[in-house]
Amino acid sequence: MNRTTLSLIAGTTALAAITAFAALDGPSASGAAASRAAANLPVERTSLLCPAPSISDIADTSYTSFTPVTEGTTSSGTAQLQAAAEQSADGTGNSQSGGSQTGKGSKGAKGSQGAKGAKKTAVQPVLTPKAPGTPVTGNTSGSDGPALIGTADGKYAPGWSVQETTEVAAGTGRGLLGVNCSAADTEFWFPGASTSADRTDYVHLTNPDDSAAVVDIELYGKDGAIKSPLGENLTVPPHASKPILLSTLTDERQPDLTVHVSVRSGRVGAAVQALDDKAGGDWLAAAADPAPSLVLPGIPKDATDVRLIAFTPGGDDADLKVRLASPGGLITPAGNETLHVKSGMTTTADLGAVTRGEAGSLVLTPTDQQVPIVAALQVVRGKGDKQETAFIPATAPVGTRATSADNSAKGTTLALTAPTATATVKVTASAGSDGGTAATKTYTIKSGTTQNVDAPVPSGLQGTYALTVETTSGGPVYASRTLTATEGGVPGFTVQTLPNDRGMVAVPQTGEDFSVVQK
């Protein structure tokens with residue numbers, strides 16, 4: 001599976017035309033035509049999917065849309081987020097959509113008829129973008145906020161990012177919940193889900209296309225696969241969203257599960273909302289594709305408990321070195337030097353307060369045989385009835401550029417990790433959504449270390465701002481952004497990893513001789 005390629009949308013008209021022409025430009029009869037090196041060009045169309053934000057009546061959700069400035073784009077373009085038709089959590093098809101959407105940068109739009117039996121009747125939040133380089137925000141409140149389907153083209157497409165952040169003051173899953181709206185795909189892995197009695201976990205599936213998607217949800221516990229025929233052949237209607245309560249798929253109550261979402265036909269966006277009765281909750285984003293070595297960046301330095309959940313989908317067991325990339329270098333957590341992951345079984349390791357007051361990222365590497373794995377961290381801050389939970393999935397490196405929307409002057413922490421080689425990173429803070437001037441800083445991250453950098457803040461900041469992270473030299477860099485907000489003594493927080501923002505695509509260039517000989 002190539003997650004990056006799938007996320008660029010098959011209907012990217014201009015790029016498709018270029019690629020098709022390059023494919024036609026094969027060797028002529030004289031062999032004179034030659035291919036040039038591939039060129040990196042801005043994507044011209046992309047889409048993002050945001051899950052329905054909350055089941056709480058006292059939830060407040062904000063959306064922040066941002067496109068970084070990218071050279072080589074067109075001078076025109078559009079971007080918008082519209083409500084998907086929604087289905088009930090038990091999959092019965094009881095449709096609902098809408099909620100109260102207000103806020104600067106959002107406007108109402110009349111509902112429209114979507115999939116059969118799923119009529120959008122309420123106000124839809126449509127974010128009208130400003131010029132690239134400036135964020136725009138909107139918000140919704142209560143439990144009836146819809147899932148959103150977003151599209152962007154032209155100058156708004158390259159690196160388009162949307163952050164969904166929800167505050168829930170009390171009840172199951174209370175705290176700060178955040179997720180990066182994601183592109184549609186055909187396969188997802190979620191180590192860290194649960195069907196225990198104190199957890200309410202939903203898999204949110206959103207279909208952006210004109211035809212129905214057919215999806216399977218597989219569950220893997222500590223003893224292997226859990227038989228769950230109710231997770232097979234799930235239909236997600238066109239332009240609709242369906243939340244699936246995991247505890248309805250099996251009678252087994254397990255604290256640690258790996259969820260595998262695979263699409264038989266079509267494509268979907270997927271995310272897991274993990275809600276705990278006492279320890280808060282957050283979104284669990286999909287982990288990076290299975291690989292022998294993984295990085296899980298940005299464990300909060302004041303984490304009181306860290307739990308590693310790992311799974312190998314292949315036929316071989318995996319033996320892993322477990323190391324923490326600290327500000328001083330790679331160290332091995334005492335008592336957790338290695339981890340044995342049995343094939344097809346979810347394996348966990350309790351790392352406790354592994355960061356001990358310093359920035360840290362977990363680095364997993366094979367001890368011997370290269371066996372692909374998926375992994376995530378469940379992180380807790382606070383103690384007793386003041387606990388709050390978030391998740392850090394393994395992620396891909398920043399690459400050329402990664403983007404993080406919805407940052408504030410206080411409460412934002414940017415963690416950068418260079419696990420294998422020293423790297424130089426440029427971080428740019430955009431203008432604020434309501435005013436301010438962009439600012440840039442450059443950092444050197446030493447090999448094997450994690451740094452919580454003093455990220456730049458726009459001068460004269462008003463509103464929220466975005467951060468773009470660019471690797472300018474050296475080895476691969478992994479990044480995450482932590483948002484914090486304490487209410488009622490509870491240290492609410494949420495962590496989003498920052499993989500490459502998919503703003504550029506490699507397109508083969510053709511030779512000067514464009515002739516095609518037909519026989």
Side-chain angles (χ1 to χ4, degrees), residues 1-6 185-195 203 215-229 231-232 246 249-250 252 254-264 270 272 284-297 306-325 330 332-333 335-351 354 361-378 391-397 417 419-420 448 476 478 497 499:
M1 178 185 66
N2 189 322
R3 189 178 302 274
T4 302
T5 301
L6 288 170
D185 209 333
T186 58
E187 185 176 42
F188 306 85
W189 292 96
F190 299 98
S194 176
T195 55
V203 178
V215 179
D216 291 336
I217 298 178
E218 299 170 317
L219 308 178
Y220 297 89
K222 59 183 179 62
D223 298 318
I226 297 173
K227 292 183 179 180
S228 179
E232 298 177 356
L246 285 183
L249 301 182
T250 177
E252 292 194 33
Q254 294 203 21
D256 300 292
L257 289 175
T258 298
V259 176
H260 181 215
V261 175
S262 58
V263 183
R264 297 193 181 198
V272 171
L284 172 58
D289 291 341
S293 298
L294 298 175
V295 178
L296 301 90
V306 178
R307 186 173 179 83
L308 170 63
I309 306 97
F311 178 81
T312 176
D316 297 320
D317 293 359
D319 288 290
L320 304 172
K321 293 179 183 179
V322 180
R323 290 178 294 174
L324 184 74
L330 291 168
T332 301
N336 290 285
E337 295 84 1
T338 60
L339 182 67
H340 181 71
V341 184
K342 292 184 178 180
S343 173
M345 301 180 185
T346 296
T347 303
T348 63
D350 289 317
L351 306 180
V354 65
S361 301
L362 209 65
V363 179
L364 305 176
T365 55
T367 60
D368 187 11
Q369 185 179 3
Q370 302 267 330
V371 178
I373 61 169
V374 293
L377 295 173
Q378 181 177 345
F391 297 89
I392 305 174
T395 189
T417 302
T420 59
Y478 297 77
T497 58

Below 4.5 Å, heavy atoms only, C-beta onward: do V261 and D216 meet side chain to side chain? no

CG-CZ distance between L246 and F190, expressed to the nearest 0.5 angstrom: 10.0 Å

Would you find a donor on one side and an acceptor on the other, under 3.5 Å apart, between the side chain of T346 and the backbone of Y220? yes

Are any non-hydrogen side-chain atoms of P499 and P397 less than 4.5 angstrom apart? no

Just so I know, are the side chains of R307 and D256 near enough to count as touching, which here means a heavy-atom distance under 4.5 Å? yes

Nearest non-hydrogen partners of L284 and G192, listed with the distance: CD2-C, 3.8 Å

Rounded to the nearest 0.5 Å, the CG atom of L351 sits from the CG atom of N336 at a distance of 5.0 Å

Run the side chain to side chain contact (heavy atoms under 4.5 Å, CB included) check on V354 and L324 step by step: do they pass? CA-CA 8 Å; V354 65; L324 184 74; 4.3 Å; yes

Heavy-atom check, side chain of I373 versus side chain of L320, under 4.5 Å: yes

Please report the closest heavy-atom contact between A349 and L339, naming both atoms and the distance. CB-CD1, 4.0 Å

Do the non-hydrogen side-chain atoms of Q378 and I309 ever get within less than 4.5 Å of each other? yes

Can you measure from CD (E252) to NZ (K222) and round to the nearest 0.5 angstrom? 8.5 Å

Yes or no on side chain to side chain contact (heavy atoms under 4.5 Å, CB included) for L362 and L377, after CA distance, side-chain angles and deciding distance? CA-CA 9 Å; L362 209 65; L377 295 173; 3.7 Å; yes

Distance in Å, R264 CZ paired with T186 OG1, rounded so as to fall on 0.5 Å steps: 14.0 Å

Which heavy-atom pair separates S293 from P366 by the least distance, and what is that distance? OG-CD, 3.3 Å

With the threshold set at 4.0 Å, does a side-chain nitrogen-carboxylate oxygen contact exist between D317 and K342? no

S343 side chain vs G314 backbone, donor-acceptor pair below 3.5 Å: yes

Heavy-atom pair with the smallest gap, counting every atom of A287 and P393: CA-CB, 3.8 Å

Under the criterion side chain to side chain contact (heavy atoms under 4.5 Å, CB included), I'd like the reasoning laid out for L364 against L308: C-alpha separation, chi angles, the key distance, then a yes or no. CA-CA 11 Å; L364 305 176; L308 170 63; 4.1 Å; yes

Do any N or O atoms from the side chain of S194 and from the backbone of Q254 form a donor-acceptor pair under 3.5 angstrom? yes

At their closest point, which heavy atom of T312 faces which heavy atom of P372, and how far apart are they? OG1-O, 3.0 Å

Would D319 and Q369 count as having a side-chain donor-acceptor pair, cut-off 3.5 Å? no

Tell me, do L257 and T195 make a side-chain contact under 4.5 Å, heavy atoms counted? yes

When rounded to the nearest 0.5 Å, the distance separating CZ of R323 from OG of S361 is 13.0 Å

Contact check, side chains of I217 and L219, non-hydrogen atoms, under 4.5 Å: yes

Using the ring of each side chain (for Trp, its six-membered ring), is H260 parallel, tilted or perpendicular to W189, with breaks at 30° and 60°? parallel

Any donor-acceptor N or O pair under 3.5 Å, side chains T250, S228: no

Heavy atoms, side chains only, cut-off 4.5 Å: are P297 and T497 in contact? yes

For the pair E337 (side chain) and G335 (backbone), establish whether a donor and an acceptor sit closer than 3.5 Å, ignoring hydrogens and angles. yes

One should read off an interatomic distance between L330 CG and K321 NZ, to the nearest 0.5 angstrom, of 10.5 Å

Closest non-hydrogen atom pair, A325 against T417: CB-CG2, 4.1 Å

Can you list the steps and then say if D350 with T348 is a side chain to side chain contact (heavy atoms under 4.5 Å, CB included)? CA-CA 7 Å; D350 289 317; T348 63; 5.7 Å; no

